[in-house]
K.L.:
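This is the structure I want to talk about, given as structure tokens.
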Amino acid sequence: MDNTTALPAITRFAPSPTGHLHVGGARTALFCWAFAKGRGGRFLLRIEDTDQKRSSEDAARGILEDLAWLGVHWDEGPGHGKLGGDPRGVGPFHQADRVDVYNAALAELIERGRAYPAFETAEELEAKRKAAQDANQTYRYDRAALDIPEEERLSRMLAGEPHVVRFLAPDHDVVVADSVLGEVRFAAGELDDFVIRKADGFPTYHFAVVVDDEAMGVTHVLRGQEHLQNTPRHVALQQALGYRTPVFAHLPLIFNPDNSKMSKRDKDKAVRAFCIEHKLTAPAWGGIDTATFEAWLRDKRSQLPTDDLRALAEAIGFVPPEIDVEDFRRSGYLPHVLCNYLALLGWNPGEKNDDGTNVERFTMEYLADKFDLPRIGKSASKFDREKLMAFNADEIQNRMTDAAFAEAWRAWLERYDRATLSTLGERLPIAAAAARQRTRILREAAAVVRFALVGEVKFDEKAVEKVLLKNGGEGLAVLRDLAPLIETVEHFEAGAIEAAIQHWCEHKGLGMGKAAQPLRVAVTGGTVSPGLGQTLELLGKASVLARLERCLNVFVVH
RNA sequence: GGCCCCAUCGUCUAGUGGUUUAGGACACCGCCCUUUCACGGCGGCGACACGGGUUCGAAUCCCGUUGGGGUCACCA
């Protein structure tokens with residue numbers, strides 16, 4: 001029954017380069033990668049750019065970059081650093097460069113009477129479609145072109161009259177054998193004669209996919225369940241062309257918490273809602289003009305260019321939900337953690353840890369080793385940012401070393417926050433050690449050590465009152481005594497600093513809190529910071545003493 | 001609307017006819033630890049959508065109902 005493990009497996013991920021890679025695509029790619037990798041097969045990448053208007057080379061590069069960052073590395077396909085290449089000679093991997101391959105297959109289909117040219121314009125078809133819709137009927141192409149005598153059809157086509165080519169749908173049921181869903185039957189007549197070559201000479205998705213998968217030897221097609229309706233078309237095409245039918249596995253969809261399908265539009269939706277809620281009427285930053293902004297605000301379905309949307313969100317101080325892989329990277333999720341979480345959406349290894357808990361944290365290697373089709377779920381799953389965040393936090397706080405965290409943070413800062421990187425300079429490792437236990441995503445780390453990034457402390461009134469001034473300036477008195485002690489700490493490092501203060505407290509018969517909190521307020525302005533030792537070490541002795549002195553000057557009533 | 005898919009705690013899930021008073025994780029609540037915050041430890045709350053079958057026995061198999069979702073382009 002389970003023919004899904006047959007060797008060798010060749011899988012592919014075939015995005016259309018119309019924007020950034022979003023998490024749904026990333027999960028599909030991850031599964032394709034894991035499946036091939038786990039059984040010594042090949043994972044290939046193909047760019048589906050047959051839509052001239054929407055495709056861009058920029059978007060294609062962006063997707064390669066996202067995939068590479070995730071660690072979803074392709075064996076064959078477009079070059080990207082060490083990735084890609086064409087060892088078997090099955091390329092090129094951009095469909096726009098393969099038009100002659102499609103035309104050859106198409107000629108064969110026409111020859112055998114399984115495809116035919118049709119001359120209706122898009123407008124004519126749209127009118128027919130609308131008429132059917134208004135009559136509450138399902139529209140299917142009416143095969144009007146078949147009324148034209150075959151010879152005439154072909155000669156008009158050869159003469160260069162504008163036309164599309166349609167596939168003559170089979171008159172029998174088509175059964176899709178899916179590894180996740182089982183057998184799904186589509187009745188004869190459900191398929192209409194869909195277009196396989198557009199008027200511009202490019203193949204449609206259905207045709208290009210089928211031809212390429214055969215040419216590239218693809219054995220397993222893993223893709224989102226939204227493709228299930230397309231599959232009978234592909235199977236019918238494969239049968240008509242005499243191709244093998246690969247193993248199909250349709251992956252469950254990924255939803256938003258509100259049960260809608262996760263899509264790129266969600267970011268616009270969220271930002272728009274924020275703007276409306278705060279009654280913003282102008283763009284608030286110079287990137288777009290007011291008219292564009294208002295039009296976008298009014299049309300609930302419209303989208304701003306990615307960069308403009310991000311700039312707008314930043315300007316109004318709103319963080320839109322992460323949707324694209326790039327969004328998660330920017331927020332500071334670690335790539336293998338994102339993969340780990342994504343893998344759990346619709347799949348799980350079904351293994352227990354020694355303590356009886358489910359195995360749900362794992363490495364890319366483990367995933368490649370364990371991933372298989374029978375354990376893919378059937379029902380859609382909601383994307384839970386809380387859980388993803390918890391995974392990322394656990395990785396940073398409990399599994400990473402200070403050094404590894406410092407490196408990850410440095411890389412992130414280099415890409416997204418150079419200002420903080422240069423302010424930190426040499427202190428980055430110390431800051432990282434102080435921030436790690438309080439950081440869930442890289443973006444939060446700087447805030448944890450903010451006190452060390454500013455020149456002058458801004459005092460929080462409540463903190464000052466409660467910790468320094470209360471009980472007749474009890475806190476300030478402690479500070480006065482503590483300053484000389486700090487002065488004497490030789491190696492100004494967290495452990496030594498804490499030991500000295502602890503010793504002092506014991507000597508004075510005070511609880512540690514009586515010393516730690518005043519110090520904290522004096523050097524950070526507030527009551528919350530990393531451990532006292534780390535806080536002071538990060539500041540450095542000179543800065544700590546200067547801040548202490550200033551604090552005493554500001555608050556001691558002479 | 002046609003066609004198709006799905007249905008276990010709020011969420012992700014384990015469970016493949018008896019080992020189940022349904023297990024884990026995230027979230028939430030309480031307690032403990034504690035120099036703040038965070039981490040951590042312990043405990044708690046909490047689900048088989050409904051109705052019929054099949055069977056000695058059903059979360060697990062079948063049918064129906066309800067609910068959710070996908071898809072209906074010269075986009076992919």
Side-chain angles (χ1 to χ4, degrees), chain A residues 14-18 48-51 53-55 118 120-122 125-126 129 133 136-140 162-166 176 178 180-181 184-187 190 192 194-200 202 204-206 208-209 224-232 250 252-253 255 257 259-261 341 344-348 350-353 355-361 374 377-391 393-394 397-398 436-440 448 463 467 498 501-502 505 511-521 524 526-533 535:
Chain A
S16 61
T18 55
E48 311 227 323
D49 54 355
T50 55
D51 185 341
K53 288 184 287 288
R54 298 202 308 157
S55 299
E120 294 90 343
T121 64
L125 290 172
E126 191 49 47
R129 197 170 0 252
Q133 215 168 49
N136 229 331
Q137 291 189 323
T138 306
Y139 172 77
R140 289 197 185 82
H163 68 281
V164 300
V165 176
R166 289 179 179 272
V176 174
D178 187 87
V180 174
L181 268 11
V184 183
R185 177 174 294 269
F186 295 84
E190 281 301 323
D192 73 349
F194 56 93
V195 172
I196 56 179
R197 188 174 67 187
K198 299 179 273 189
D200 65 6
F202 280 92
T204 59
Y205 159 72
H206 305 297
V209 162
Q225 226 172 76
E226 71 269 20
H227 281 288
L228 185 58
Q229 309 296 322
N230 293 148
T231 309
H250 288 92
L253 265 11
F255 286 159
N259 248 7
S260 59
K261 196 176 142 191
Y341 178 73
L344 252 14
L345 256 25
W347 179 84
N348 78 79
E351 294 191 332
K352 300 277 188 200
N353 293 306
D355 61 2
T357 57
N358 295 351
V359 172
E360 53 174 21
R361 300 300 314 283
K378 297 180 176 186
S379 51
S381 27
K382 294 188 180 71
F383 194 92
D384 182 358
R385 286 193 175 69
E386 301 263 18
K387 186 149 177 167
L388 203 215
M389 173 96 73
F391 274 22
D394 177 55
Q397 298 173 355
N398 303 325
R436 186 171 69 84
Q437 291 278 296
R438 292 151 184 87
T439 298
R440 297 175 300 172
V448 177
V467 178
E498 291 218 5
I501 295 172
Q502 221 146 23
C505 283
M512 184 68 176
K514 289 288 183 194
Q517 284 307 77
L519 269 172
R520 213 183 302 272
V521 173
T524 72
T527 53
V528 175
S529 87
L532 191 64
T535 298

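What you see below is based on every heavy atom in this structure, not just the backbone, and it leaves out hydrogens, waters and symmetry mates. In what follows, chains are A, B, ... by sequence order, proteins preceding strands, each numbered from 1.
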K.L.:
With a non-hydrogen cut-off below 4.0 angstrom, is A:Glu351 in contact with a base, only sugar-phosphate, or nothing?
P.N.:
nothing
K.L.:
Between A:Met389 (CE) and B:C26 (P), how many Å, whole number?
P.N.:
15 Å
K.L.:
Which part of the nucleic acid, if any, lies within contact of A:Ala122, taking any heavy atom under 4.0 Å across all strands shown: a base, the sugar-phosphate backbone alone, or nothing?
P.N.:
base
K.L.:
Tell which nucleotide pairs with B:A59, taking only Watson-Crick or G-U wobble pairs whose two distances are both under 3.5 angstrom.
P.N.:
none
K.L.:
Determine if the base of B:C62 is syn or anti; take syn to mean the glycosidic torsion is within 90° of 0.
P.N.:
anti
K.L.:
Contact class for A:Thr18 (heavy atom, under 4.0 Å): base, sugar-phosphate, or nothing?
P.N.:
nothing
K.L.:
With a 4.5 Å cut-off on side-chain heavy atoms, are A:Pro17 and A:Ser55 touching?
P.N.:
yes
K.L.:
Within the structure shown, what part of the strands sits under 4.0 Å from A:Thr357 by heavy-atom distance: base, sugar-phosphate, or nothing?
P.N.:
sugar-phosphate
K.L.:
Which part of the nucleic acid, if any, lies within contact of A:His250, taking any heavy atom under 4.0 Å across all strands shown: a base, the sugar-phosphate backbone alone, or nothing?
P.N.:
nothing
K.L.:
Give A:Thr527 one of three labels, base, sugar-phosphate or nothing, depending on what nucleic acid heavy atoms sit under 4.0 Å from its own.
P.N.:
base
K.L.:
Base, sugar-phosphate alone, or nothing: which one does A:Val195 contact when heavy atoms must sit under 4.0 Å apart?
P.N.:
sugar-phosphate
K.L.:
Does one side chain, of A:Asn353 or A:Thr357, offer a donor that lies under 3.5 Å from an acceptor on the other?
P.N.:
yes
K.L.:
Looking at every strand, decide which applies to A:Pro530 at a 4.0 Å heavy-atom threshold: base, sugar-phosphate, or nothing.
P.N.:
base
K.L.:
Map A:Glu360 and A:Ala199 onto RNA chain B by nearest heavy atom, then report which one ends up closer to the 5' terminus.
P.N.:
A:Glu360
K.L.:
For B:A7, which nucleotide is its Watson-Crick or G-U wobble mate, given both distances must be under 3.5 Å?
P.N.:
B:U66
K.L.:
When all nucleic acid strands are considered with a 4.0 Å heavy-atom cut-off, which category describes A:Gln133: base, sugar-phosphate, or nothing?
P.N.:
nothing
K.L.:
Pairing donors with acceptors under 3.5 angstrom, does anything connect the side chains of A:Ser529 and A:Arg520?
P.N.:
yes
K.L.:
Need one value for A:Phe255: base, sugar-phosphate or nothing, where a base atom within 4.0 Å counts as base even if backbone is also close, heavy atoms only.
P.N.:
sugar-phosphate
K.L.:
Students often get this wrong, so: under 4.0 angstrom with heavy atoms, is A:Arg361 touching a base, only sugar-phosphate, or nothing?
P.N.:
nothing
K.L.:
Both distances under 3.5 Å, Watson-Crick or G-U wobble: report the partner of B:C75, or none.
P.N.:
none
K.L.:
Any base atoms under 4.0 Å from A:Asp200, or only sugar-phosphate, or nothing? Heavy atoms, all strands.
P.N.:
nothing
K.L.:
When the nearest nucleotide of RNA chain B is assigned to A:Leu228 and to A:Asn348 on a heavy-atom basis, which residue is associated with the more 5' position?
P.N.:
A:Leu228
K.L.:
B:A73 C1' sits how many Å from A:Lys53 NZ, rounded?
P.N.:
11 Å
K.L.:
Please work out if A:Ile501 contacts a base, only the sugar-phosphate, or nothing of the nucleic acid, heavy-atom cut-off 4.0 Å.
P.N.:
nothing
K.L.:
Nearest 0.5 Å, please: how far is CG in A:Leu228 from CZ in A:Phe186?
P.N.:
4.5 Å
K.L.:
For a quick check of understanding: with a heavy-atom distance under 4.0 Å over all strands, which category does A:Gly346 fall into, base, sugar-phosphate or nothing?
P.N.:
sugar-phosphate
K.L.:
Once you apply the 3.5 Å cut-off to both distances, tell me the Watson-Crick or G-U wobble partner of B:G30, or none.
P.N.:
B:C42
K.L.:
In whole Å, I'd like the distance from the NZ atom of A:Lys382 to the P atom of B:A27.
P.N.:
18 Å
K.L.:
Are A:Arg361 and A:Phe391 in a cation-pi setup, meaning NZ or CZ lies under 6.0 angstrom from the ring centre and within 45 degrees of the ring axis?
P.N.:
yes
K.L.:
Given 3.5 Å as the limit, does a donor-acceptor pair link the side chain of A:Asn358 with the main chain of A:Glu360, or not?
P.N.:
no
K.L.:
Report the distance from atom CD of A:Glu190 to atom C1' of B:U71, rounded to the nearest whole Å.
P.N.:
11 Å
